[in-house]
2 protein chains.
Amino acid sequence: MSKDLPLIHELSRDDIRLAAMLKALGNPVRFRIMQHLADRQMCITGDIVAFTSLAQSTVSQHLKVLREAGLIEGEIEGPATCYCVSAEGLQFLKGQIESWLPNCCQSEPRIAKSNCC
Amino acid sequence: MSKDLPLIHELSRDDIRLAAMLKALGNPVRFRIMQHLADRQMCITGDIVAFTSLAQSTVSQHLKVLREAGLIEGEIEGPATCYCVSAEGLQFLKGQIESWLPNCCQSEPRIAKSNCC
DNA sequence: GGTTTTTATCGTAAAATTACGATATAGAAG
DNA sequence: CTTCTATATCGTAATTTTACGATAAAAACC
């Protein structure tokens, strides 16, 4: 997460966090886990293992990635761990995407033939 | 893009497209290319190669991924190819994220101690 | 105490992604 | 027609990611 090309150094703090979130969500299993967590509202844990039909260690790994990206939060509940979508994280993601690439596509939908796009 | 677990089969068409976009954007180089394209507004091409300081073939590969995800559009302009952010694609992405996980975090920001989150 | 349950971590094999050079393609320019 | 320029594609090496089983850790339960 820190040997990511000189390119990344020109990014704002928010952009770096956004990129990390997108990377975490870029995996279809994790994408699906997010949906599942949002649906159940309440936190889950080994439930996700059954849901994904992947090995427990694999799921635990995916949950770690999502947690480190700030997309979910886990709380130890007895012997188990209870996860839920991070309201703050999701809010951040939505806000960032909403205002992402503001300079883009200012000209009309798609007319100009010269200057290509 | 089609051997993606049984999990993916329960997804809507829009969700599949969204997941594909997130996967494309999950790479920091491609994330950065999108920003660069948006900044320049006008389309570019070998310019991106200089910008990223990666091999031409590598950049071409990344552009292909972005193009296939519907995030950019390329138009052959003489011997070169001119790229720009896809207005439709970006609009789709923003719309989908905005309404993503609607069932999430309905309870207050973060109070409940029981039932974990 | 010991046992059971649930999860995290470790080590590793398999698979996918990324990056590169070399080559092929297409159009512009002479 | 030949040359030059700009990209795309191919084949492949290096890296990263993903998935698994085995093991460790922590709490509930007997």
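Lettering of chains follows the sequences in order, A, B, ..., and the numbering in each one begins at 1. Since the structure is predicted, the reported quantities are computational estimates derived from the model, not experimental observations.
- Residues passing the side chain to side chain donor-acceptor pair (under 3.5 Å) test with B:Gln35 are A:Asp15, B:Arg32, sequence neighbours excluded.
- With DNA chain D read from its 5' end, the first of the two nearest nucleotides for A:Asn27 and B:Gly46 is the one closest to B:Gly46.
- The salt bridge (charged side-chain N to carboxylate O under 4.0 Å, His left out) analysis of residues 84-97 of chain B, with sequence neighbours excluded, yields the pairs B:Arg17-B:Glu88.
- Scanning both residues, A:Ala38 and A:Val85, for their nearest heavy atoms gives N-CG2, 4.0 Å.
- Among the nucleotides D:dT18, D:dA8, D:dA19, the one closest to any side-chain atom of B:Ser60 is D:dA8.
- Following rounding to the nearest Å, B:Leu63 (CG) and C:dA19 (P) show an atom-to-atom distance of 12 Å.
- In this structure, NZ of A:Lys23 is placed 11 Å from C1' of C:dT18, rounded to the nearest angstrom.
- Between B:Glu77 atom CD and D:dT5 atom C1' there is a gap of 15 Å when expressed in whole angstrom units.
- When the side-chain nitrogen and oxygen atoms of B:Tyr83 are compared with OP1 and OP2 of D:dA8, one or more of them lie within a distance under 4.0 Å.
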- What string of B, S and - do you get for nucleotides 22-30 of chain D, 5' to 3', when a contact is any protein heavy atom under 4.0 Å? B----SS--
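- Atom NE2 of B:His62 is separated from atom P of C:dT18 by 6 Å (rounded to the nearest Å).
- Side-chain N/O atoms of B:Thr58 include one lying less than 4.0 angstrom from OP1 or OP2 on C:dC20.
- B:His36 pairs by the ring-ring contact (aromatic ring centres under 6.0 Å, His included) definition with B:Phe51, not counting sequence neighbours.
- Between A:Gly26 and B:Lys64, the residue anchored closer to the 5' end of DNA chain D is B:Lys64, taking for each the nucleotide with the nearest heavy atom.
- The side chain to side chain contact (heavy atoms under 4.5 Å, CB included) test with A:Arg30 singles out one residue from A:Val65, A:Leu71, A:Ile72, A:Thr52, and that residue is A:Val65.
- B:Glu68 places its CD atom 12 Å from the P atom of D:dA8, with the value rounded to the nearest Å.
- For D:dA8, the base has no donor-acceptor partner in the side chain of B:Gln61 [N/O atoms by modelled type, under 3.5 angstrom].
- Taking every side-chain heavy atom of A:Leu54 into account, D:dA19 is the closest of D:dA19, C:dT18, D:dT9.
- Whole-Å rounding puts the A:Asp47 CG to C:dT6 P distance at 12 Å.
- A:Gln56 meets the side chain to side chain contact (heavy atoms under 4.5 Å, CB included) test with A:Val49, A:Ser60; sequence neighbours excluded.
- With sequence neighbours excluded, the residues satisfying side chain to side chain contact (heavy atoms under 4.5 Å, CB included) with B:Asp39 are A:Asn103.
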